[in-house]
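Report on one structure; see the data block that follows.
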2 protein chains.
Amino acid sequence: MNKVTIDDIAKVAGVSKSTVSRVLHGKVAVHPDKKNAVLTATRRLGFKPNIVAQSLASGRSMTIGVLTQNMGSPFYDAIAQGVIAGLASSNYSPIFADGQWQIPKELSALQSLVGRRVDGLVLIGGGISSQQIDDTCDGLPIVIVARTFAESHYRCISMDNIAGGYAATRHLLDRGHRKIAIVRGLPTHADAIERYQGYVRALEELGMVPDPRLVVESDFSPESGITAVNELVKRGERFSAIFAANDLTAFGARLALDQHRLRVPDDVSLIGFDDQLESAYITPPLTTYRQPAREMGQYAADAILKLLQGEEFSSLQVHGELVIRHSVRDLSTASV
Amino acid sequence: MNKVTIDDIAKVAGVSKSTVSRVLHGKVAVHPDKKNAVLTATRRLGFKPNIVAQSLASGRSMTIGVLTQNMGSPFYDAIAQGVIAGLASSNYSPIFADGQWQIPKELSALQSLVGRRVDGLVLIGGGISSQQIDDTCDGLPIVIVARTFAESHYRCISMDNIAGGYAATRHLLDRGHRKIAIVRGLPTHADAIERYQGYVRALEELGMVPDPRLVVESDFSPESGITAVNELVKRGERFSAIFAANDLTAFGARLALDQHRLRVPDDVSLIGFDDQLESAYITPPLTTYRQPAREMGQYAADAILKLLQGEEFSSLQVHGELVIRHSVRDLSTASV
DNA sequence: CCTTACCTTGAAACCGGTTTCAAGATATCG
DNA sequence: CGATATCTTGAAACCGGTTTCAAGGTAAGG
């Protein structure tokens, strides 16, 4: 273990530990001779500061707590990676906790993070109330990614899911689709609800009314995409396109369609949401609404860093975009 | 912020801080009355111990450093999730660092972890030498996942990649394939090398010699799977099956085959490696050699926890298995 | 050349716990 | 009932840094 302390250096360099600390920090002027002596000793002894001691003394732990909705979901993982990347150039290290889609776990994970005296928090998704957040971490700088609070004073990095749902649906509409099924996602999840709202809005804009028989719920997993399509087929519904809650669901839906001998996009068009890595490589490459997850994570890192430096930072809405690949058929030209 | 300290409790409970510490730890007997007084005060004041101070005083940080080869690779991410899950029931929290496939970054990330005075380390994959590891973290308990060292004294959780490569190739062979192309993976990466060795062994066992024209390199990305197939096709090679370095590469290969109007598995069979989530949902569902990544992560967590308690733990080899789905065609019956 | 302002520097307090040590209290035992 | 062993307990040292404070030294101004 590295047992060299600041006192050892002080002794070797012939100065006080205060001076060593000052040299290492570089903020206060120190006589060049002593400075050199300290630096030399530091190098010779291979001194590495004890971050724990530093934290206790300075009150800052140089650690950012990152609480994620779920590790293992491509979207949230991508955000987490963005946070890591954004923090990499700073002196702060991220420390992770996982909410596992469950509010109680999420809360206790948050408490553990706060108990570790993190200097700041990045919350990725999640479902705990702003009340609970406030109670648990009063005063701590917080940035929230991929979630918004209507009332709150938090800084959020979010994407407009209503706009996303609208754009995806609109794309289908523009290509002549009228019977558009939607696999909604978790009925309690804000993102899913908003995307659905976008879907409804796009339909209504054309004077259509959403057909309840064409909406199915899911839990964002591929498995639930399969179930959804099976359900739709079993019910005997007719549809020319499916809007899936996210790409993972779309993968499942795509497989189920295949099993029903429904070709994509010839028989049924398919559109996803997220644009995860694999989406560009399935057959056919999936048209989807891209969320800039990694960037969102980086923005969050930048934001928390700013907050930590006392600079201000206000909520930010990032823009998604439709990524058009080959899973949607253009019915309008086909019918010409 | 939580400003309640152990001194506040001592004052309220009318005892010394030593006694408070003892009560909170529970190891030493304390008079029931005082114990109750302390517990009551703790609850009433909402005391949460300052983990940083605890760490400094006790010399243990209750933190496990996790260094991953790369965040964003499904396989390594799955291991990381396993580690998180395995640590969840303990009092230790994981703190992450990312090597980003680059040895210098890996080394500096490791140093930063050690500087934080983690109590133990879990290394996921990676390429730094055992020499470098020893120099950086002498004495610290270490568990290494998804990598083995021939010489070393480390505890490793690994899978036999040679056996995996052999099993995958053998599966193809058993189904009558003889022209088996392989997309090898990173030429410097141990896993890739070993899988290739397994491939060679399977071939040689049947008296065949590996055809260098059928081996292409990749970097484990889907993009490189596309490139590999394009390369193979451009060269005009004939092959009835492809063994891809990992599933991601297989995805790319599958798409490229489609673009060349080569059907899977009718024209070309495809087998992957890893069995990541999405593999079961592409079309056709991918036959692949499954690495129990998440379990490996959990084993690693268990191992480091044991080591921390002074118990012993020796290296462990987990077993992979072939997951047969629908991307491999049986040529032997077809020809009957 | 003397006074005042500013620098540089070391001693000491401090961060919030854990742990050692010794004293006082209690229990055990002959 | 006295002596010794065992428990319980508080004071103080300690972990390894940061930060305050005041002293001594130097530079600038009159």
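Throughout, protein chains are lettered first and strands after them, A, B, ... in sequence-line order, and every chain is numbered starting at 1.
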* **Polar side-chain contact A:R22-C:dG10 base: donor and acceptor under 3.5 Å** => yes
* Asked: Between D:dT6 atom C1' and B:H31 atom NE2, what is the distance in whole Å?
  -> 16 Å
* **Worked check of side chain to side chain donor-acceptor pair (under 3.5 Å) between A:R116 and B:T63** => CA-CA 10 Å; A:R116 289 200 112 74; B:T63 305; 2.7 Å; yes
* Measure the acute angle between the ring planes of A:Y76 and A:H189, then classify it against the limits of 30° and 60° as parallel, tilted or perpendicular. => tilted
* To do: To the nearest Å, give me how far apart CZ (A:R60) and P (C:dC14) are.
  => 20 Å
* To do: Pick base, sugar-phosphate or nothing for B:V30, based on heavy-atom distances below 4.0 Å to the nucleic acid.
  => sugar-phosphate
* To do: Measure from the side chain of B:N50, starting at C-beta and using heavy atoms only, and say which of C:dG16, C:dT9, D:dT18 lies closest.
  => C:dG16
* Asked: To the nearest Å, how far apart are B:L45 CG and C:dG16 C1'?
  -> 15 Å
* **CA sep, side-chain torsions, deciding dist, call: A:S21, A:S18, side chain to side chain donor-acceptor pair (under 3.5 Å)** => CA-CA 5 Å; A:S21 175; A:S18 332; over 6 Å; no
* **A:L56 CG to C:dC15 C1', straight-line distance once rounded to whole Å** => 4 Å
* Structure fact -> Atom NE2 of B:H25 and atom P of D:dT9 are separated, to the nearest Å, by 17 Å
* Can you check the B:K48 NZ to C:dC15 P distance for me, whole Å? -> 22 Å
* How many Å lie between CG on B:D7 and C1' on D:dG10, as a whole number? -> 13 Å
* To do: Starting at atom CD1 of B:I6, determine the distance to atom P of D:dG10, rounded to an integer number of angstrom.
  => 12 Å
* To do: Would you mind classifying the nucleic acid contact of B:V20 as base, sugar-phosphate or nothing, using non-hydrogen atoms under 4.0 angstrom?
  => nothing
* Verify the contact: side-chain N or O of B:Q54 to OP1 or OP2 of C:dT18, cut-off strictly under 4.0 Å; return yes or no. => yes
* Asked: Would you say a side-chain N or O of B:K35 is under 4.0 Å from OP1 or OP2 of D:dT8?
  -> no
* For B:S18, report the nucleic acid contact type (base, sugar-phosphate, nothing); a contact means any heavy atom under 4.0 Å. => base
* To do: State whether the distance check finds a donor on one side and an acceptor on the other, under 3.5 Å, for side chain A:K17 versus base D:dG17.
  => yes
* **Under-4.0 Å side-chain N/O to phosphate OP1/OP2 contact, B:S16 with D:dA11** => no
* Under the 3.5 angstrom rule, does the side chain of A:R294 hit a backbone N or O of A:I79 as a donor-acceptor pair? -> no
* Measuring from A:T42:OG1 to A:F47:CZ, what's the distance to the nearest 0.5 Å? -> 7.0 Å
* Structure fact -> Of B:S58 and B:V15, the one whose closest nucleotide on DNA chain D sits nearer the 5' end is B:V15
